[in-house]
Amino acid sequence: MSLPAAEQAVALDRSFFERPTVAVARDLLGVWLISATDEGVSAGPIVEAEAYGGPDDLASHARAGLTRRTTPMFGEAGHAYVYLVYGMHDCLNVVAYGAPAAAGAVLIRAIEPMVGVDLMRARRGRPSDADSRLCAGPARLTQALGVDRSMDGHDLTLGEDVWLAPPSAVGSAAPAAAQAAAFEIASGPRIGVDYAGEDWAARPWRFWIAGHASVSRQR
DNA sequence: CGAATGATACCCT
DNA sequence: GGGTATCATTCGG
């Protein structure tokens with residue numbers, strides 16, 4: 001299954017990302033994440049995302065200020081910020097604007113595998129995993145889509161290699177059930193940010209589609 | 001539950 | 001320029 005060529009170029013506009021990260025994270029639910037490499041196309045709608053702010057957000061990498069690693073977070077919105085965590089996992093973020101500082105990003109934590117599921121499974125190398133769990137987690141997702149730090153700084157609005165597209169742009173490629181406009185949005189504290197202190201750790205900046213089988217953790 | 005695993009940032013010389 | 005604590009996770013026992 002592949003995306004019609006004429007529709008591959010449709011990507012979310014940069015203005016979508018030039019807003020506070022919390023609004024962008026919430027609005028990314030249902031938006032398609034698409035990867036097109038030499039190996040093929042793999043894609044699916046985002047079902048879970050987390051907002052990270054600027055230097056004032058103690059849970060955000062931006063708290064370290066502008067360093068070589070965090071440079072994308074302080075750059076133009078709509079670009080990728082890909083980093084290595086725990087020495088072995090790549091995580092994909094989209095740069096957006098944290099408030100009050102003009103820096104921040106949204107961590108894409110899970111998508112629903114819908115296009116190129118066999119390719120995702122091959123990249124993951126875990127044949128017994130259920131389809132719905134192939135991209136249920138930030139590191140699983142990058143592995144399944146073939147995204148790594150070579151994509152750090154990549155412009156996600158170009159419609160090339162890796163990009164984000166509104167559901168309407170991939171309508172003919174998606175099963176009808178996935179195009180249902182209405183879904184319930186749930187929110188809660190971000191994962192694994194207790195080190196940031198109670199104030200920041202308690203903020204409900206993690207958003208997911210309620211009850212969805214591909215969300216990284218069950219409620 | 002705990003191990004795996006390595007880049008990063010930061011605090012020293 | 002070097003040592004080291006930290007870490008937005010995953011998988012196997």
Side-chain angles (χ1 to χ4, degrees), chain A residues 17 20-26 28-29 33 46-75 79-99 101 103-111 113 120-153 156 162 164 186-208 213-219:
Chain A
F17 305 102
T21 54
V22 173
V24 172
R26 187 179 54 232
L28 275 175
L29 296 180
L33 174 61
I46 295 170
V47 300
E48 183 183 356
E50 276 178 2
Y52 288 86
D56 54 307
D57 179 2
L58 297 183
S60 172
H61 286 178
R63 74 190 180 280
L66 178 58
T67 64
R68 181 148 102 218
R69 182 203 204 191
T70 62
T71 295
M73 291 190 80
F74 291 83
H79 288 246
Y81 168 45
V82 186
Y83 66 89
L84 183 72
V85 73
Y86 297 124
M88 58 189 104
H89 301 301
D90 289 298
C91 293
L92 172 64
N93 300 249
V94 195
V95 175
Y97 291 160
V106 174
L107 172 65
I108 301 175
R109 290 190 52 90
I111 70 172
M120 292 180 184
R121 186 178 300 287
R123 288 192 180 115
R124 288 274 300 145
R126 304 186 59 75
S128 60
D129 274 2
D131 282 3
S132 65
R133 306 308 291 169
L134 285 174
C135 301
R140 294 178 175 192
L141 173 162
T142 54
Q143 193 179 3
L145 295 184
V147 172
D148 60 23
R149 278 161 292 158
S150 69
M151 279 290 139
D152 192 34
L156 295 169
V162 179
L164 294 156
S187 66
R190 295 171 288 184
I191 301 293
V193 296
D194 288 347
Y195 62 87
E198 220 173 305
D199 281 1
W200 289 101
R203 300 192 182 205
W205 286 7
R206 172 184 176 230
F207 300 93
W208 66 94
S214 296
V215 169
S216 65
R217 302 188 185 187
Q218 259 61 18
R219 180 73 166 173

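In what follows, chains carry the letters A, B, and so on, assigned in the order in which the sequence lines appear, proteins first and then strands, with residues in each chain numbered from 1. Just so it is clear, the structure is predicted and the values come from calculations on it, not from any experiment.
Inter-residue side-chain proximity for A:Leu141 and A:Leu33 is flagged as met; some heavy-atom pair is nearer than 4.5 Å. No side-chain heavy atom of A:Ile108 sits less than 4.5 Å from a side-chain heavy atom of A:Asn93. A:Phe17 is not listed as a side-chain neighbour of A:Val106, based on a closest heavy-atom distance of 4.5 Å or more.
Comparing A:Ile191 and A:Gln143, the nucleotide of DNA chain C nearest to each residue sits closer to the 5' end for A:Ile191.
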| request: Give the intermediate values and the outcome of side-chain hydrogen bond (donor to acceptor under 3.5 Å, both in side chains) for residues A:Arg123 and A:Gln143. | output: CA-CA 6 Å; A:Arg123 288 192 180 115; A:Gln143 193 179 3; over 6 Å; no
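Under 4.0 angstrom from either OP1 or OP2 of C:dC7 there lies no side-chain N or O belonging to A:Arg63. A close approach under 4.0 Å does occur between a side-chain nitrogen or oxygen of A:Arg126 and OP1 or OP2 of C:dG12.
Following rounding to the nearest Å, A:Asp194 (CG) and C:dT6 (P) show an atom-to-atom distance of 15 Å. Computed from coordinates, the A:Arg140 CZ to C:dT10 P distance equals 6 Å when rounded to whole Å. Atom P of nucleotide C:dT10 and atom CG of A:Asp90 are separated by 12 Å, given to the nearest angstrom. Separating the OH atom of A:Tyr86 from the P atom of C:dC11 is a distance of 14 Å, rounded to the nearest angstrom. If you measure from atom CD1 of A:Ile108 to atom C1' of C:dT9, you get 17 Å, rounded to the nearest angstrom. The distance from atom CG of A:Asp129 to atom C1' of C:dC11 is 10 Å, rounded to the nearest whole Å. In this structure, the CZ atom of A:Arg190 is 12 Å from the P atom of C:dT9, given to the nearest Å. Spacing between atom NE2 of A:His89 and atom P of B:dG6 amounts to 11 Å, rounded to whole angstrom units.
Checking B:dA4, C:dC11, B:dC10 against the side-chain heavy atoms of A:Met88 singles out B:dA4 as nearest.
A pairwise comparison of heavy atoms in A:Pro189 and A:Ala201 identifies CB-O, 3.4 Å as the closest pair.
No contact: A:Arg68 has no heavy atom under 4.0 Å from any strand. Within the nucleic acid shown, A:Leu84 comes within 4.0 Å of sugar-phosphate atoms alone, with no base atom in reach, counting heavy atoms only.
Pair check for C:dC11 finds B:dG2; Watson-Crick or G-U wobble, both atom distances under 3.5 Å.
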